[in-house]
Amino acid sequence: MSEKQKTYFEIAVEKGYSRRDFMKFSAMIAAMLGLESSAIGKVAKALETKTRLPVIWLHGQECTCCSESFIRSSHPLVADIILDKISLDYTETLMAPAGYQAEKSLTDTMEKYKGKYILAVEGSIPVNNEGVYCCIGGKTFENIVTEVADGAKAVIAWGNCASAGCVQAARPNPTGATPIYKMIKGKPIINAQGCPPIADIMAGILVYILTFDALPELDRLGRPKSFYSKRVHDTCYRRPNYDAGLFVESFDDENAKQGYCLYKMGCRGPVTYNACGVTQWNNGVSFPIRSGHPCLGCSEANFWDNGPFYRHLTNIPGFGIESTADKVGLGLGIATGVGLVAHAISTNIRKRQLIKKKECNPEMDKTNES
Amino acid sequence: MHPVYVWELPVRFFHWIDALAIVALAITGFLIGNPPAIQSSMEASNSYWFGTIRVVHFIAAYVFLFNFVIRIYWGFVGNRFANWKNFIPYRKKQWHDIWEIIRVDVLQIKCEDNPNLGHNALASFTYFLVFLVFLLQVLTGFGIYSASSGAWFSSLFTWVPVLFGGDMLTRNIHHILMWFFAIFAMIHVYLVFYHDYIDWNGTTSSMIGGWKFQEEGKEEREKELEK
């Protein structure tokens with residue numbers, strides 16, 4: 001504990017990376033964050049001079065796809081340096097200790113870096129039945145998160161689970177799955193949306209905090225603007241087909257082969273804010289739309305309830321399965337038409353005298369006049 | 001029968017611009033929600049019909065919004081038939097009149113001549129609700145439009161999708177309300193014909209010329225009833 005802590009650069013060199021690799025990584029991260037070119041130096045300098053950022057990475061109701069995504073970042077340095085045990089003081093899935101030792105490393109970090117560490121949460125918090133649906137070491141996840149967040153400098157909510165509840169918060173949400181921002185108050189919270197979030201976004205957020213000792217600029221939903229200010233639709237390479245009205249009608253048609261727009265296949269690109277079209281996935285190999293599949297909108301709240309995935313219009317609950325606004329609307333339109341015809345018939349019968357301009361109830365008229 | 005000037009020029013202009021805008025918005029909106037399957041051998045770079053439909057929708061939306069704003073303004077400076085006080089039922093008498101209209105004209109369980117010259121109480125209240133739907137439609141529409149537009153005006157609406165729980169839900173509300181407009185139009189046109197048919201006061205043509213017709217001495221009686 002007393003020995004001098006190494007900087008990120010020193011660790012990278014130890015791991016066998018050249019300075020060139022290191023600079024490439026700095027430039028890549030700065031570019032992804034949308035920083036100006038002079039910031040590359042700032043990023044590099046921060047990584048060279050600053051010792052590690054203490055991070056406590058908690059896992060709640062989740063599938064670990066955020067961690068899986070993270071280790072598939074575009075640059076190997078991310079996995080080696082940031083995710084490696086060097087940087088993570090506590091994370092259930094990757095750390096060496098178990099049981100009491102693991103709990104001790106958690107409390108040690110909390111005490112030693114009080115007010116300095118970053119709390120990263122992967123997963124939502126179940127609150128129904130006093131939170132029994134997710135317990136670690138005999139404590140509910142709700143208790144753990146509140147306790148750890150208390151001494152944290154900032155909280156990062158990884159993925160849709162921590163940002164919006166994801167699948168476990170979908171109707172009827174049996175466990176009362178709750179996103180972080182509803183539970184933790186008075187701490188800066190970053191929502192790194194997506195199921196999972198793009199690895200480069202995750203790395204970018206951590207490097208930004210390290211370099212500038214501040215949080216990146218966030219939008220109204222607490223997402224970093226540099227990654228979530230554009231819709232997938234706006235950066236989609238199939239967008240010209242949308243404007244030209246060229247749509248895939250079914251997954252096996254000629255239009256699908258031509259690579260037309262997947263809008264009519266239920267693509268959520270027009271309603272989803274993410275950087276998939278720009279950074280793409282797995283070191284820029286592809287992203288869902290490029291692979292011929294419509295966007296599911298995984299970086300939006302309630303995306304499981306906005307289904308079905310392969311249709312653009314959501315089912316309306318309470319009207320049975322397969323009832324969209326158009327079906328309900330058409331039904332109401334027909335009902336209205338029938339009602340109007342009935343009313344017209346009734347008018348001709350009941351208001352016969354009035355139509356012929358005879359007072360239908362002369363006595364009532366007199367009482368009005370008096 | 002003597003003529004009464006009911007709908008002033010701005011009200012008539014509002015009505016027809018509104019009607020045209022709604023027709024344009026509903027048709028283009030329906031196409032945007034469910035574009036027709038067009039087989040084309042053309043490259044995307046040579047065609048822009050869907051983009052054009054969207055542009056028409058956006059322009060019509062701006063027309064619809066500012067037309068609506070002018071009508072609200074006219075509710076404060078226009079004549080007694082256009083006044084905003086007719087539309088919000090804050091007096092007991094208005095609720096009483098609404099009930100009367102339901103009995104006389106909707107359920108037809110009471111037979112009586114219609115003493116109203118402008119909107120009747122139920123129609124006024126309905127238009128108040130319609131105006132709320134206008135507002136909701138403008139908010140949801142500009143809310144989902146704000147993401148694709150860099151204009152300062154539409155960026156005033158970026159908070160809307162956040163409030164409604166995401167762009168997808170906002171879009172759905174926008175789509176469902178389109179059906180409200182369609183059904184409203186059906187009932188609206190029917191009732192215009194209905195009132196022309198039973199009231200003999202020129203309801204249909206009044207929105208073109210502005211004049212309605214009233215039996216002699218009825219205006220005085222109406223004013224007396226107001227007291």
Side-chain angles (χ1 to χ4, degrees), chain A residues 164 219-221 230-231 233-234 238-247 249 254-255 260-261 263-264 268 270-273 297 300-303 306 312-314 316 324-326 328-330 332-333 336-337 339-340 343-344 346-347 349-351 353-355 357 359-361 364-365 368-369, chain B residues 30-31 33-40 42-54 105-115 144 147-148 158-159 161-162 165-173 175-180 182-183 186-187 190-191 193-194 197-200 221 225:
Chain A
D219 69 4
R220 286 173 196 274
L221 290 169
K230 290 252 185 264
R231 301 175 303 169
H233 193 51
D234 295 324
R238 295 194 187 205
R239 179 61 189 265
N241 293 295
Y242 173 83
D243 289 326
L246 300 171
F247 299 105
E249 301 291 333
E254 182 57 29
N255 294 1
Y260 288 171
C261 174
Y263 179 70
K264 287 178 86 175
R268 299 289 190 262
V271 292
T272 303
Y273 295 79
E300 290 293 314
N302 306 318
F303 81 103
N306 288 339
H312 206 65
L313 213 51
T314 300
I316 299 179
T324 61
D326 285 341
V328 175
L330 197 63
L332 284 175
T336 308
L340 293 182
H343 191 264
S346 158
T347 302
I349 297 166
R350 300 188 73 108
K351 302 232 175 206
Q353 288 152 314
L354 195 68
I355 294 158
K357 279 288 141 175
E359 290 298 334
C360 56
N361 196 345
M364 189 172 286
D365 232 33
N368 275 351
E369 274 162 21
Chain B
F30 201 81
L31 287 171
N34 192 17
I38 292 175
Q39 296 296 316
S40 170
M42 252 206 292
E43 282 294 317
S45 52
N46 287 327
S47 169
Y48 196 72
W49 76 264
F50 197 62
T52 310
I53 285 194
R54 292 174 70 243
D105 286 316
V106 182
L107 303 172
Q108 305 187 335
I109 50 175
K110 190 176 171 188
C111 196
E112 202 178 71
D113 209 357
N114 184 357
I144 46 180
S148 59
T158 47
W159 54 274
V162 179
D167 285 41
M168 186 70 186
L169 279 172
T170 314
R171 194 204 91 87
N172 267 309
I173 294 167
H175 192 110
I176 289 165
L177 291 180
M178 193 264 304
W179 280 101
F180 172 88
I183 290 166
M186 284 171 76
I187 300 173
Y190 169 79
L191 284 178
F193 292 167
Y194 165 85
Y197 187 53
I198 63 156
D199 294 344
W200 289 15
R221 202 176 71 193
L225 278 173

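Lettering follows sequence order; numbering is per chain, from 1. For clarity, every value in this text was computed on a predicted model and none was experimentally measured.
A salt bridge between A:Lys351 and B:Asp105 is present, with a side-chain N of the basic residue lying under 4.0 Å from a carboxylate O of the acidic one.
For B:Thr158, the side chain to side chain donor-acceptor pair (under 3.5 Å) criterion is met by A:Arg220, not counting sequence neighbours. With sequence neighbours excluded, the residues forming a side-chain contact (heavy atoms from CB on, under 4.5 Å) with A:Ser346 are A:Arg350, B:Gln108, listed by chain and number.
In terms of modelled atom types and a separation under 3.5 Å, the side chain of B:Tyr190 and the main chain of A:Ala344 share a donor-acceptor contact.
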Inset, instruction - Determine, step by step, whether A:Asp326 and B:His175 satisfy the side chain to side chain contact (heavy atoms under 4.5 Å, CB included) criterion, reporting the C-alpha distance in whole Å, the side-chain angles of both residues, the deciding distance to 0.1 Å, and the verdict. - result: CA-CA 8 Å; A:Asp326 285 341; B:His175 192 110; 2.6 Å; yes
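Neither the backbone nor the side chain of B:Ala182 comes within contact range of chain A; no heavy atoms are under 4.5 Å apart. Interface residue B:Phe30: only side-chain heavy atoms are found under 4.5 Å from chain A.
Side-chain contact between B:Val162 and A:Leu221 is present, with heavy atoms from C-beta onward closer than 4.5 Å. Two residues are said to be in side-chain contact when any heavy atoms from C-beta on lie closer than 4.5 Å; A:Leu246 and B:Glu43 fail this criterion.
If you check the side chains of B:Asn34 and A:His312, you find no donor sitting under 3.5 Å from an acceptor. Looking at B:Tyr194 and A:His343, their side chains never bring a donor and an acceptor atom within 3.5 Å of each other.
Closest of all the heavy-atom pairs between A:Leu340 and B:Met186 is CD1-O, 3.7 Å. B:Ser148 approaches A:Arg231 most closely through the heavy-atom pair CB-NH2, 3.1 Å. Across every non-hydrogen atom of B:Ala44 and A:Asn241, the tightest pair is CB-OD1, 3.5 Å.
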